[in-house]
Each structure stands twice: as C-alpha cells, then as structure tokens.
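Shown next, in structure tokens, is the structure this report addresses.
Whatever order the structure lists ligands and atoms in, that order sets their numbers, starting from 1. Throughout, residue positions are numbered sequentially from 1 according to the sequence presented.
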Amino acid sequence: MSIVFIASSKLPTRHGDFLIHAFEESESGQEHIALTMGTIADGQPVLARVHSECLTGDGFGSLRCDCGPQLEAAMTLIAQVGRGVILYLRQEGRGIGLVNKVRAYALQDTGADTVEANEQLGFAPDLREYSMCEFMLAHLGVQQVKLMTNNPLKVAALQQHGIQVVERVPLLTGRNPHNDQYLDTKEEKMGHLLNH
Ligand SMILES: Nc1nc2c(ncn2[C@@H]2O[C@H](COP(=O)(O)OP(=O)(O)OP(=O)(O)O)[C@@H](O)[C@H]2O)c(=O)[nH]1
Ligand SMILES: [Zn+2]
C-alpha cells in the first residue's frame, strides 16, 4: 500500500493538547489520522494506540461495543505520561464499513454473535490490515511502541509489518450490560485478552 502525508495541525481536546496529522492512501483515497502528544521521535518506546474507526462507539457513545471508552482511556493515558501516539484507522466495522456494520447489528439483534453476523453477510470476521501503520509511524519518527490493545492478533499483525512492539498494555474498560456478551464473544472466538 502507498500512503502519503498531507498536513498537520494543533488539536486541543478535553484530554489535552494533541497534534493531528492527516494521511491519504494513494490508490483508494482512504484517509487515516494520527494524534500525537509530546516528544515521540527520540527513539524511546512510545505509548501507542492503533484504533479502528467506530462511528457508533467513538462518536455516538454506543454501548454495543467498548471502542469509545478505549479511545478515551488511550487519550487520557497518553496525556498522563505526556507523550504518545494514536493511529485512527478508517476501518469501520473491522473493515466491512458502517452500513454493513449496521446490517451486522441487525442480525445480532435477532441472535447472531458478532462473528456469525459477519459470516452471514459473507464477510470474514475481521477484514482489517495494518500496512499503513508502518509508514505513519516512520513519518512521525516512532521506532518502538508500547501498544494499548487487548488483541494479540493486532500485535502480531503490526510486528509482521516491521513495527517493534516492545510491550502490550491492556485496555480493559467499557464493559456494560449491553456489550457483556459481545465482549465474551471477542474473548472466546477472536482471542482477545479480556480477563473475564
Ligand atoms: N463487523 C463488526 N464490526 C464491529 C462490531 N462491533 C465493533 N466493530 C468494529 O470493530 C472495530 C474495533 O475492533 P474490536 O474487535 O472492538 O477491537 P480491536 O481493535 O481488535 O482490539 P483492541 O485494540 O483491543 O480494541 C471497529 O472498527 C468497530 O467499528 C460488530 O459487531 N461487527
Ligand atoms: Zn465500537
């Protein structure tokens, strides 16, 4: 994949003052974002989050998943240590897109779990890929990351793309009665480490 850097600006947030960096995939035009805080190009391991877009959770406060609280926790932790990076990848619905995610939710409303719903729609459970991360982190000067994630497959995928993940930092937050079963399915079928 080829991806190019477009522009950076200041982004004050309620979690602290970040910089926002915009990138664009050359062939598809797909846009991705990095948020950074502090000195991250000094070769020292950087607290990092590779977050997949979830408009419902990140933007609307949906309780069907744990994405919103995970994003907030990642921004808060980065602000606490004063340095870090969030790659916000536009891979809505684990890569199936927002409309198909709503289709999957409709199937989940009638009993399917998150994996079965994808399969009933003709998709693999997870279509994401992470090759853009290598360029984005290199552009930002980040050499090693302490990755905030509960997903060991994400750690492995990033390592396959040459990213040095020196530590996995669990991001256990956001469980509620609406997503309890959904999180159990991620643990049982998708290998997430949720300690439940
Ligand atoms: N297809 C589909 N996508 C979902 C569903 N619920 C959340 N997502 C998407 O899943 C993505 C986040 O993936 P998760 O499985 O929650 O977590 P992860 O990124 O693999 O792992 P963490 O780093 O621990 O958050 C986002 O793109 C969400 O939009 C669902 O029921 N079906
Ligand atoms: Zn979500």
Go through ligand 1 atom by atom and flag the ones less than 4.0 Å from a non-hydrogen atom of [X].
X    : answer
K186 : 14 (P), 15 (O), 16 (O), 17 (O)
R49  : 22 (P), 23 (O), 25 (O)
Q91  : 27 (O)
N118 : 1 (N), 2 (C)
T149 : 21 (O), 22 (P), 23 (O), 24 (O)
I96  : 1 (N)
E53  : 26 (C), 27 (O), 28 (C), 29 (O)

Give a yes or no on whether the backbone of [Y] and the side-chain of [X] come within a donor-acceptor separation of less than 3.5 Å.
X    : Y    : result
R83  : I40  : no
E187 : N195 : yes
N179 : Y182 : no
E92  : L55  : yes

- Hey, mind stepping through R64 and D109 against salt bridge (charged side-chain N to carboxylate O under 4.0 Å, His left out) and telling me if it holds? CA-CA 11 Å; R64 293 190 75 127; D109 287 346; 3.0 Å; yes
- Query: Can the ring centroids of Y130 and H161 be said to lie less than 6.0 angstrom from one another?
  - Reply: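 No, the ring of Y130 stays outside the 6.0 Å limit from the ring of H161, centre to centre.
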Is [X] in contact with ligand 1, taking contact as a heavy-atom separation below 4.0 Å?
X    : result
R128 : yes
H51  : no
Q108 : yes
F123 : no

- Query: What residue among E24, E53, Q91, E25 forms side-chain hydrogen bond (donor to acceptor under 3.5 Å, both in side chains) with H32?
  - Reply: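 Among E24, E53, Q91, E25, the one meeting side-chain hydrogen bond (donor to acceptor under 3.5 Å, both in side chains) with H32 is E25.
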Considering only non-hydrogen protein atoms, determine which one is nearest to [atom] and report residue, atom name and distance to 0.1 Å.
atom                    : value
atom 7 (C) of ligand 1  : Y182 OH, 3.1 Å
atom 24 (O) of ligand 1 : N150 N, 2.8 Å
atom 32 (N) of ligand 1 : T114 OG1, 3.5 Å

- Item | Closest contact, heavy atoms only, A34 versus L140 |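 Closest heavy-atom pair between A34 and L140: CB-CD1, 3.8 Å.
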- Message: With nothing but distance in play, are any N or O atoms of D126 less than 3.5 Å from an N or O of ligand 1?
- Response: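 Between D126 and ligand 1 (N or O atoms, distance only) the closest approach is not under 3.5 Å.
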- Message: Under a 4.0 Å threshold between the charged nitrogen and the carboxylate oxygen, would D66 count as salt-bridged to R175?
- Response: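 Answer for the salt bridge query: no.
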- Angle subtended at the Zn ion (ligand 2) by SG of C65 and SG of C54, nearest 10°: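 An angle of 110° at the metal.
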- Could you pull out, from A74, G93, A157, S62, the option with a heavy atom nearest to atom 2 (C) of ligand 1?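 Heavy atom nearest to atom 2 (C) of ligand 1 belongs to G93.
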- Task: Take S26 and S2 through the side chain to side chain donor-acceptor pair (under 3.5 Å) test and state the conclusion after the steps.
- Result: CA-CA 6 Å; S26 305; S2 77; 2.9 Å; yes
- Mind checking whether R94 contacts ligand 1 via backbone (N, CA, C, O), side chain (CB onward), both or neither, at a 4.0 Å heavy-atom cut-off?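 Both backbone and side chain.
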- Please work out which of the three classes, parallel, tilted or perpendicular, describes the rings of H139 and F5, given edges at 30° and 60°.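 Plane angle under 30°, so parallel.
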